[in-house]
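Notes to accompany the following structure.
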Amino acid sequence: MKEAGARSTTRLGDRIFSGLSKGSGIALLVIMAAIAVFLAIRAGIAIAADEGNFLTTFEWDANADPPRFGIAVLLFGTVVSSVIAMVLAVPVAVGIALFISHYAPRRLATPLAYVVDLLAAVPSIVYGLWGALYLVPRMTGPFQWLDDVLGWTGVFAYDGTPARSLMTVGLLLAVMILPIITSVTREVFLQTPKANQEAALALGATRWEVIRMTVLPFGRSGVISASMLGLGRALGETMAVATVLSPSFLINASLLESGGGTFAQNIASQFKEAGSMGRDALIASGLVLFLLTLLVNGAARLIIARRKEYSGANA
């Protein structure tokens, strides 16, 4: 038996698979490190030549002599639009996932799940065209209603301009990330142990109580992971945002006013006309987006690690 066990651990296929797995992991780390070094070097060149404050300047004139640019507006627009998208998308995605996994009859759940998965594959430019041609013209009424009800706060004041604002971008991003969050969350909910659900039912729990006591605690880490996956797409979305947003380097007090910008949108719109210094400045903004994404993923990993007892595996 020992000889058979020893031979099984030294099979050629096992050694090849182990080597490929380790090699892939090392290659990924090397690629990430190379990207970080490249971005840092080019960003350092741009920041050293910048006549403004890279973090606080409300201007982007990287092709001027001397160059003057900053990321304050881009950082604000990226974070705010992504937060709006998450606030709108996550509750709806969890509700849809629960409906498909625990409420809908099988003949409805299967095609509905297929449609949700199909929406996740729609290209960004299609969402962008839909947002520009359909969503923007129809947001005037809702924005006017928000102004009537909450305009006194200043955050939801509306001046009647075309609805190419951060709020519209956030709504569009919510639609885009909704299928991704829903798909992953649905699969996590479906992995909830049947024994736990049946035990809760045997104790007299209602369907909602079963979901609250077994499904949601079990799937909490999965919901966080799905949300972070959606947030990653929202932070880096380019073409859809560039199609809908009316860019300007101003931070408006109201989310409904036209203007603003995001890192990805600014890179896409400025890169074609950028000179050598302009490209380095865009790379510097890309480095900030890179670091922001790493921070978000790291924070999500910490949250999942603290709650891994709710999942069926060590996250």
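Below, each value reflects all heavy atoms present in this structure, side chains not excepted, and no hydrogens, waters or symmetry copies. Residues take their numbers from the sequence shown, with the count starting at 1.
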Applied to residues 189-214, the salt bridge (charged side-chain N to carboxylate O under 4.0 Å, His left out) test, sequence neighbours excluded, yields none
For N297, side chain to side chain donor-acceptor pair (under 3.5 Å) partners two or more places apart:
none
Considering only Ile, Leu, Val, Met, Phe, Trp and Tyr, and joining two whenever side-chain heavy atoms are under 4.5 Å apart, list the other residues clustered with V37.
I41
Can any side-chain N or O of W152 pair as donor or acceptor with the backbone N or O of V149 at less than 3.5 Å?
yes
Check this for me: does any side-chain nitrogen of one of R68 and D61 sit under 4.0 Å from a carboxylate oxygen of the other?
no
Should we count OH of Y103 as having more than 12 external heavy atoms under 6.0 Å?
yes
Decide side-chain contact (heavy atoms from CB on, under 4.5 Å) for F69 and E51; before the verdict, give the C-alpha distance in whole Å, the side-chain angles of both, and the deciding distance to 0.1 Å.
CA-CA 8 Å; F69 55 89; E51 289 296 315; over 6 Å; no
CE/M32 to CZ/F290 distance, rounded to the nearest 0.5 angstrom?
4.0 Å
Hydrophobic cluster membership, W130 vs I180, 4.5 Å side-chain cutoff
no
Determine the minimum heavy-atom distance between A46 and A281, stating which atoms define it.
CB-N, 3.6 Å
Taking the six-membered ring for Trp and the single ring otherwise, decide whether the centroids of F58 and F249 are under 6.0 Å apart.
no
Atom OG1 in T140, atom CH2 in W145: separation rounded to 0.5 Å?
15.5 Å
Can you sort out the partners of L108 under side-chain contact (heavy atoms from CB on, under 4.5 Å), two or more places apart, ordered by chain and number?
F99, A104, P105
Given side chains that start at C-beta, do those of R106 and T110 come closer than 4.5 Å, heavy atoms only?
yes
With rounding to the nearest 0.5 Å, note down the distance linking CG in L255 to CG in L150.
11.0 Å
Does NZ or CZ of R138 come closer than 6.0 Å to the centre of the six-membered ring of Y134, within 45° of the ring's axis?
yes
P217 side chain reached by M213 side chain, heavy atoms, under 4.5 Å
no
Single-linkage hydrophobic cluster, 4.5 Å side-chain cutoff, L229 and L190 together:
no
Determine whether N266 and L282 make a side-chain contact, defined as any pair of heavy atoms from C-beta on separated by less than 4.5 Å.
yes
Side-chain touch M167/V155, heavy atoms, less than 4.5 angstrom:
no
Without hydrogens or angle criteria, can the side chains of N252 and S254 be said to hold a donor-acceptor pair below 3.5 Å?
no
Side chain of D147, backbone of Y158: donor and acceptor closer than 3.5 Å?
yes
Can you measure from CG (L146) to CZ (F156) and round to the nearest 0.5 angstrom?
6.5 Å
Within the 4.5 Å heavy-atom criterion, are S165 and F143 side-chain neighbours or not?
yes
Using side-chain heavy atoms (C-beta onward) and a distance below 4.5 Å, is M86 in contact with I177?
yes
dist I224:CD1 -> L231:CG (nearest 0.5 Å) comes out at 12.5 Å
Is R164 reaching over with its side chain to a backbone N or O of V244, donor-acceptor style, under 3.5 angstrom?
yes
Please check if V169 and L178 belong to a single hydrophobic cluster, counting links between Ile, Leu, Val, Met, Phe, Trp and Tyr side chain heavy atoms closer than 4.5 Å.
yes
Under the side-chain contact (heavy atoms from CB on, under 4.5 Å) rule, what do V215 and H102 come out as? Steps first, then yes or no, please.
CA-CA 10 Å; V215 178; H102 288 82; 3.4 Å; yes
Validation: residues 72-85 side-chain donor-acceptor distances under 3.5 Å, sequence neighbours left out:
from, atom 1, to, atom 2, distance (Å)
T78, OG1, L74, O, 2.8
T78, OG1, F263, N, 3.0
S81, OG, G77, O, 2.7
S81, OG, T78, O, 3.2
S82, OG, T78, O, 2.8

With side chains defined as the heavy atoms from C-beta onward, is the minimum distance between L98 and F189 less than 4.5 Å?
yes
Could you tell me which non-hydrogen atom of T243 sits nearest to which non-hydrogen atom of A132, and how far apart they are?
CG2-CB, 3.7 Å
Run the side-chain contact (heavy atoms from CB on, under 4.5 Å) test against S24 and tell me which residues pass, sequence neighbours left out.
none
As a quick check of understanding, evaluate side-chain contact (heavy atoms from CB on, under 4.5 Å) for T192 and Q197, giving each step before the final call.
CA-CA 8 Å; T192 305; Q197 301 180 59; 3.6 Å; yes
Looking at T238 and A268, what are the two nearest heavy atoms and their distance?
CG2-CB, 3.3 Å
Can you give me the closest heavy-atom contact between S248 and G259, atom names plus distance?
OG-CA, 3.3 Å
Would a single hydrophobic cluster contain both I283 and L289, if residues Ile, Leu, Val, Met, Phe, Trp and Tyr are joined by side-chain heavy-atom contacts under 4.5 Å?
no
Expected output: side-chain D280 to main-chain A43 donor-acceptor under 3.5 Å
no
A174 versus L88, closest heavy-atom pair with distance:
CB-CB, 3.9 Å
Quiz question: by atom type and distance under 3.5 Å, do the side chains of T161 and E257 form a donor-acceptor pair?
no
Partner of R186 under side chain to side chain contact (heavy atoms under 4.5 Å, CB included), picked from I96, D117, I181, V94, is D117
Quick one: closest heavy-atom pair of V90 and S227, and the distance?
CG2-OG, 3.7 Å
Evaluate E237 against S124 for side chain to side chain donor-acceptor pair (under 3.5 Å), listing each step before the verdict.
CA-CA 8 Å; E237 183 52 49; S124 298; 3.2 Å; yes
Test of understanding: clusters of I, L, V, M, F, W, Y form through side-chain heavy atoms closer than 4.5 Å, transitively. Do L28 and F17 belong to the same one?
no
Side-chain contact, heavy-atom cut-off 4.5 Å: T168 with L172?
no
Nearest 0.5 Å, please: how far is CG in L135 from OH in Y127?
12.5 Å
